[in-house]
Amino acid sequence: MNKSQTVQPIKSIDELASFCKRRGFVYPGSELYGGLSGFWDYGPLGVELKNKIKADWWKRFVSDRDDVVGIDGAIVNNQQIWVASGHVGSFADVLVDCKRCGTKHRADVLINDILTIPADSMTVEQMKETISKNNIKCPACKKGELTEPRKFNLLFKTHVGAVEGEKSAAYLRGETCQTIFVNFKNVFDTARVKLPFGIAQMGKAFRNEIAPRDFLFRSREFEQMELEFFADPRKLDDCPEFEKIAKKKVSVLTAAEQIKKSQNVTEMTFGELAEKVYVKSKWHAYWLCQHYDWLLELGISAENLRLREHTKDELSHYAVATFDIEYKFPFGWKELGGQADRGQFDLTQHSKFSKKDLSCFDEETKQRFIPYVAAEPSQGVDRAFLALLAEAYTIDGDRIVLKLKPKLAPVQVAVFPLLKNDEKLLKFALEVRKELKEKFITHYEESGNIGKSYRRQDEIGTPVCITVDFDSLKKKDVTVRDRDTMKQTRVKVKDLEKYLKELIN
Ligand code: ATP
């Protein structure tokens, strides 16, 4: 990144949200009818960026590997899936209402925001005491008393078919991974896979969040990219690639520091993470590193990333150990992605509730066992999208520049004729564009104002702009302008493809 003094990063999430709307990345959902809180629609540039993030994840975590296969499960599921998974019983947040203005707040978020103490592991009773002891009022109207905290289940319920009743009730999936667990046996029996192996999936998930906020960060409909890595429970450290990642470094906020109410991070290697029993297995450390490396490669800087270990009290009902990968968003350090060691919880539960055997057979010991989910790289697409935009959005002097990695840019090469009313110029510019169209994602514009066209492309992250001028007609060359340095270079049209490939890839 250009570190000149005029360069400034994003100031607030609202600035980013209004930029996204203005440039066609993301619009508020149902806006024409007054909106619907917690839902967003991706626009022409947004969908390009989002698809690229998803394609990159799929390539890295599925297609490029021999030990992971993919599925695409249904969004609406039999209610028993969510009873067995524990979500009907315990997938709830704690809610308080303002008695004066009626605004609903998530109690742990409220306590965390106002008192800056972690509250996700507090019981309902502890939240009640904390709110009353500190005389916390409604932050929306600043005056209202709050109701007593109560639990609120986040699953969206619907009915399938013409008859409404408990029998026809179904749930929209609250996380994508449950459709992986309920298809474990199908995949195991049909995909010629052997333990250890992973099943990956990306798709929509739905949570009736009490207080959606911070733009795309917490919404009610979002997308997840998840991978469940199944291993033999006795072989959790048999990770052949471990040595390759063991020396890589990462900042970790350990559970021990959080218990001391400290935010001090420790620099350690992924090897130390596994050795010091912060994670239970080498496979878990390995997948944390894969996830972390993927974020770095997409363009997130290491200083804005850290791992945060969940404290024992905070662990979800299914988890043996969990690490969040946190990003320094404009509104503070928050979970970008996460990885739980889910042990044998999910397959055991689904075996019990479905009365189907989900165990595997061990040829050596001639015994059956339930596979162990050693790691679950889980990444919200929308949160990755948000972090990448926050990271890339830069004010450089008088221009806004989206410093996205070229492989993520919605447009890779923009082509402009210098003037918009010279036929020869237009014809040549269109020919240049036609040459490049199959090899790059291109945009063509006849604005007649190159300065403005450059600015517009800088704002949407286009790494390269090409201008065709009168010299081009004589010399068969064009001006290539770099988004970040604004450096302009004359390049022969015959060398253009090679030149651009080097610049972009
Ligand atoms: P949080 O603590 O922020 O509510 P979570 O721990 O419940 O998140 P997980 O259940 O671990 O989240 O979900 C995995 C990933 O899915 C998260 O790391 C995040 O990237 C994404 N995600 C979860 N909830 C939302 C949401 N409401 N809106 C957008 N993305 C979400």
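Counting starts at 1 for both ligands and their atoms, in listed order. FYI, side chains are in, hydrogens and waters are out, and symmetry mates aren't considered; it's all heavy atoms of this structure.
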Any Ser301 side-chain heavy atom under 4.5 Å of Glu391 side chain: yes

Which of the ligand 1 atoms, numbered from 1, are nearer than 4.0 Å to a heavy atom of Ser378: 14 (C), 15 (C)

Any N or O of Leu336 closer than 3.5 Å to N or O of ligand 1: yes

Contacts of type ring-ring contact (aromatic ring centres under 6.0 Å, His included), residue His87, not counting sequence neighbours: Trp82, Phe91, His317

Atom 21 (C) of ligand 1: the protein heavy-atom neighbour that sits closest, reported with distance to 0.1 Å: Gly380 CA, 3.7 Å

His350/Gln178 under side chain to side chain donor-acceptor pair (under 3.5 Å): CA gap, chis, key distance, verdict: CA-CA 10 Å; His350 288 302; Gln178 291 306 324; 2.8 Å; yes

Sub-4.5 Å side-chain heavy-atom contact between Gln79 and Lys157: no

Ring center gap for Phe331 and Phe217 short of 6.0 angstrom: yes

Top protein contact for atom 11 (O) of ligand 1, by heavy-atom distance: Glu335 OE2, 3.4 Å

Close N or O approach (Asp382, ligand 1; < 3.5 Å): no

Close side-chain approach of Arg207 to Arg220, heavy-atom, < 4.5 Å: no

Shortest heavy-atom approach to atom 31 (C) of ligand 1 - which of Phe222, Phe91, Tyr327: Phe222

Option of least heavy-atom distance to atom 13 (O) of ligand 1 (set: Glu175, Glu226, Gln224): Gln224

Top protein contact for atom 3 (O) of ligand 1, by heavy-atom distance: Arg218 NH2, 2.9 Å

Cation over ring face, Arg308 and Trp333, 6.0 Å, 45°: no

Geometric N/O contact Phe217 with ligand 1, under 3.5 angstrom: yes

